[in-house]
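Reading through the structure tokens given below for one structure.
Values in this document were obtained by computation on a predicted structure and should not be read as measured data. Numbering starts at 1 and runs along the sequence shown. These values consider heavy atoms only, across backbone and side chains, with no hydrogens, waters or symmetry-generated copies.
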Amino acid sequence: FLISATDNIFKGLLTGILITVATQSSAATTVLVVGLVNSEILKLKNAIPIIMGANIGTTITSQILRLTSLDNGRFISLFTPEVIAPILILVGVFIIELAKNRKMKNIGEMIMGIGLLFTGMITMIEIASGFSDLPILSQILSKLSNPILGVLAGALITVLLQSSAATVGLLQAISTTGIITYSTTIPIILGQNIGTCFTSICASISGTKNAKRAAAVHLYFNLIGTIIFLIFIYTYQFFIGFTFWKDTIEMGQISNFHTIFNVVSTIILLPCINLIEKLTLITI
């Protein structure tokens, strides 16, 4: 399946997106890819577009989570995480209990897992509503408007949480308090894309050279994308300036920037797959 699904870069990209949407974790997808490259089931060059697709697929979580902040009538409310999460959990449990083979049980566990993920995210938002009363949090966040500190903080939080989706979800939760701005949030989002590479790097430590190269591809993709965005955003901010830079940021804008970063980085770097492969061969 993977050989046929990765015989061109666009099919590989779509495969990465779909797997990540199903697992709700780009880290899980990249670890899977590292394992397949390690066992020589998948070639390194074919793994690169899957890893890029995984970065796009992981943005779906934040886009679904943003629905909690929408108030557009009854129809939209049917698709909010508060409604979907318990339904997914119940459907998952129902399948697990009635399934007669392992494959169906796996599907049930996956559905239930996605429901539990969003239940946790919703709980995090509810807890974060009290953060606005903590003056120390506002002081810490004001320091993170420094791009270097913000990127480092985003990377560190994601390493600790082992999930870029959780880091973005945490930012979305805090944004409901109205105490974080664009200048604080943007570098943290850029940093979390670097931090999410830690999982695949750990998975590759005991693997072959090609497995390490697959993990390096994930790191290079996010690192190069972050550098490009930092140069563009802060050059523009220095010479012209964004009118909204000091404004508070909302859940929808956080998810939009997260999506824009990964989609634009993929558009820029997708034609450079051969160069990225050569870079990993040189460094490892």
With heavy-atom distances below 4.5 Å as the criterion, would you say the side chains of [X] and [Y] are in contact?
X: His258; Y: Asn193; value: yes
X: Leu32; Y: Ile50; value: no
X: Gln192; Y: Leu170; value: no
X: Pro49; Y: Ile273; value: yes
X: Thr185; Y: Ser175; value: no
X: Phe198; Y: Leu160; value: no
X: Trp245; Y: Ile233; value: yes
X: Ile179; Y: Thr248; value: no

Is [X] reaching over with its side chain to a backbone N or O of [Y], donor-acceptor style, under 3.5 angstrom?
X: Lys45; Y: Asn274; value: no
X: Thr59; Y: Ile56; value: yes
X: Lys43; Y: Val37; value: no
X: Gln172; Y: Ser62; value: yes
X: Asn256; Y: Gly252; value: yes
X: Gln162; Y: Thr199; value: no
X: Thr58; Y: Ala54; value: no
X: Ser204; Y: Ile201; value: yes
X: Glu97; Y: Phe94; value: no

Any idea which heavy atoms bring [X] and [Y] closest together, and the distance?
X: Phe221; Y: Asn262; result: CZ-O, 4.3 Å
X: Thr181; Y: Lys246; result: CG2-O, 3.3 Å
X: Leu88; Y: Gly115; result: CB-CA, 3.8 Å
X: Gly16; Y: Thr29; result: O-CG2, 4.3 Å
X: Thr259; Y: Gln63; result: OG1-NE2, 2.9 Å
X: Lys212; Y: Gly207; result: NZ-O, 2.8 Å

Do [X] and [Y] belong together in a cluster built from hydrophobic side chains that touch within less than 4.5 Å?
X: Leu90; Y: Ile84; answer: no
X: Phe229; Y: Ile148; answer: no
X: Ile180; Y: Leu149; answer: yes

Spacing of [atom1] belonging to [X] relative to [atom2] belonging to [Y], to within rounding of 0.5 Å:
X: Ile186; Y: Gln253; atom1: CD1; atom2: CD; value: 10.0 Å
X: Ile122; Y: Leu117; atom1: CD1; atom2: CG; value: 9.5 Å
X: Leu161; Y: Thr167; atom1: CG; atom2: OG1; value: 4.5 Å
X: Ile9; Y: Ile48; atom1: CD1; atom2: CD1; value: 10.5 Å
X: Ile157; Y: Ser164; atom1: CD1; atom2: OG; value: 12.5 Å

Out of Thr30, Asn222, Thr266, which residue meets the side-chain hydrogen bond (donor to acceptor under 3.5 Å, both in side chains) rule with Asn55?
Asn222
Counting only heavy atoms not in Glu277, do more than 12 sit closer than 6.0 Å to its CD atom?
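Above 12, so yes.
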Above 12 or not: heavy atoms from other molecules or residues under 6.0 Å from OH of Tyr234?
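Check passes, neighbour count above 12.
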Can you tell me which residue pairs pass the ring pair (Phe, Tyr, Trp, His ring centres under 6.0 Å) test with a partner in residues 156-189, sequence neighbours excluded?
Tyr182-Phe244
